[in-house]
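Written out below as structure tokens is the structure these notes cover.
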Amino acid sequence: MKASLYIVSTPIGNLNDISLRAIETLKTVDYIACEDTRLSQRLLNHFQIGTKLLSYHEFSDDTVADKLLSMVENGRNIALISDAGTPLISDPGYRLVNEAVSRDIQVIPIPGSCAFVAALSVSGLPSDRFSFEGFLPSKAGARQKTLERLKKAPQTLIFYEAPHRIIHCLKDMVDVFGGGREAVLARELTKTFETIKKFPLSELLAWVSSDANQQKGEMVILLKGYQVPEVESLNQEQEKLAKLLLEELPPKTVSKILSSHLGIPKKIVYQAILNLS
Ligand code: SAM
């Protein structure tokens, strides 16, 4: 039989989430390519897998991919794993698989854990249409630009985020999507401090800001997609508030504040304000 490249998912926290087929594959291939040999060795030790590890990471150049694929072409079965979850999902492997496919090498998936799939499955947000956006840019300007591009996307939006950027990221999301957009934070999935919370964005920001524990660990943010607003204008209370603010601030600033606070699109608030004056 021709040798193959196996793309093997590993757990995202709880080691019991590994599949029987993943263990069997990792035991029987000739080599396992991984991001961090020390970390993956711990996983192999836990499951008493004696297969030799080779390094393949984000910064590996094409000669490493070429060497691995030449080994497969010469009859060696190789498995690719990442530090956690499914390889290629915000993890290395794309160039390797792309090259393998173009060299007509059989690539076999051994599916399993993936943080965003686990998060989506428990979020209570629509799962019939979604887009996985991976990590947002770390620089504020680029992050805001990316969010602006997604503002009117109707599908559920899924992001990975690093703990030290969670507050900045949620603040930008409130600015762009409005504080009323439904959001879910899924943190430390399958681990001891697993937390899944669903709030409107501004409440989620307030909750995460007020509890340092919520700013730790691994996290997925999910946002409900854009819904065509049913609100056509402001109610009496909201109009009163708008009038008060208009005494002190220009209409554009008032509509920005109210839109973010009430979760009503800026265009509608602005039109209502113009009608008031
Ligand atoms: N390949 C992985 C997968 O299949 O999900 C993702 C790897 S990516 C480098 C790491 C990011 O995935 C983390 O920063 C976090 O956003 C998310 N993640 C990984 N494990 C997680 C967990 N147990 N709970 C929540 N998010 C997790």
Side-chain angles (χ1 to χ4, degrees), residues 7 9 12-13 35 57-58 82-95 97-98 109 111-190 194-205 207-209 214-229 259-260 263 265-266:
I7 306 301
S9 298
I12 55 168
E35 288 182 79
H57 48 74
E58 200 184 345
S82 62
D83 286 351
T86 301
L88 280 83
I89 304 299
S90 293
D91 267 337
Y94 165 68
R95 281 184 296 130
V97 171
N98 184 34
S113 298
C114 176
F116 87 77
V117 176
L120 178 64
S121 71
V122 293
S123 67
L125 293 175
S127 53
D128 52 343
R129 296 277 184 284
F130 61 86
S131 61
F132 172 60
E133 300 293 332
F135 286 97
L136 283 163
S138 54
K139 296 221 166 82
R143 182 169 60 233
Q144 285 151 9
K145 224 164 151 185
T146 305
L147 293 175
E148 282 291 345
R149 183 175 56 75
L150 296 167
K151 194 171 168 174
K152 292 278 169 74
Q155 72 277 18
T156 297
L157 301 172
I158 311 174
F159 305 90
Y160 282 167
E161 194 47 282
H164 63 278
R165 277 199 294 266
I166 183 69
I167 299 283
H168 296 298
C169 173
L170 289 175
K171 278 186 179 159
D172 286 346
M173 286 178 168
V174 170
D175 283 349
V176 174
F177 298 100
R181 181 78 70 103
E182 263 189 275
V184 173
L185 180 68
R187 208 175 56 80
E188 293 289 272
L189 294 170
T190 77
E194 178 177 274
T195 311
I196 300 144
K197 282 280 179 201
K198 187 175 186 188
F199 281 127
L201 257 176
S202 53
E203 285 177 48
L204 183 64
L205 171 62
W207 180 69
V208 173
S209 307
Q214 305 310 328
Q215 299 162 35
K216 292 179 188 159
E218 299 197 279
M219 42 191 80
V220 185
I221 305 170
L222 304 96
L223 300 181
K224 190 164 182 181
Y226 176 77
Q227 310 290 293
V228 178
S259 156
S260 153
K266 242 187 266 173

Quick check: does any side chain N or O of [X] sit under 3.5 Å from a backbone N or O of [Y], one acting as donor and the other as acceptor?
{"X": "Glu182", "Y": "Gly180", "result": "no"}
{"X": "Glu218", "Y": "Glu188", "result": "no"}
{"X": "Glu194", "Y": "Thr190", "result": "yes"}
{"X": "Gln215", "Y": "Val208", "result": "yes"}
{"X": "Tyr160", "Y": "Phe116", "result": "yes"}
{"X": "Arg143", "Y": "Ser138", "result": "yes"}
{"X": "Glu35", "Y": "Asp83", "result": "yes"}
{"X": "Arg181", "Y": "Gly263", "result": "no"}
{"X": "Ser90", "Y": "Gly134", "result": "no"}

Nearest 0.5 Å, what's the [atom1]-[atom2] distance between [X] and [Y]?
{"X": "Gln144", "Y": "Lys151", "atom1": "CD", "atom2": "NZ", "value": "11.5 Å"}
{"X": "Leu223", "Y": "Leu147", "atom1": "CG", "atom2": "CG", "value": "8.0 Å"}
{"X": "Thr146", "Y": "Phe135", "atom1": "OG1", "atom2": "CZ", "value": "14.0 Å"}
{"X": "Leu185", "Y": "Glu161", "atom1": "CG", "atom2": "CD", "value": "10.5 Å"}
{"X": "Ile89", "Y": "Ser113", "atom1": "CD1", "atom2": "OG", "value": "12.5 Å"}
{"X": "Cys114", "Y": "Phe132", "atom1": "SG", "atom2": "CZ", "value": "6.5 Å"}

Which pair of non-hydrogen atoms, one from [X] and one from [Y], has the smallest distance, and what is that distance?
{"X": "Leu189", "Y": "Ala118", "answer": "CD1-CB, 4.1 Å"}
{"X": "Ala140", "Y": "Asp172", "answer": "O-OD2, 4.3 Å"}
{"X": "Pro265", "Y": "Ser259", "answer": "C-OG, 4.0 Å"}
{"X": "Asp91", "Y": "Ala84", "answer": "OD2-O, 3.4 Å"}
{"X": "Ala119", "Y": "Leu222", "answer": "CB-CD1, 3.9 Å"}
{"X": "Arg187", "Y": "Lys216", "answer": "NH1-O, 2.7 Å"}

Whether over 12 other heavy atoms sit under 6.0 Å from Lys198 NZ: yes
Are there over 12 heavy-atom neighbours, none belonging to Phe159, within less than 6.0 Å of that residue's CZ? yes
Any side-chain heavy-atom pair of [X] and [Y] under 4.5 Å:
{"X": "Leu120", "Y": "Val220", "result": "no"}
{"X": "Val174", "Y": "Ser260", "result": "yes"}
{"X": "Ser209", "Y": "Ile167", "result": "yes"}

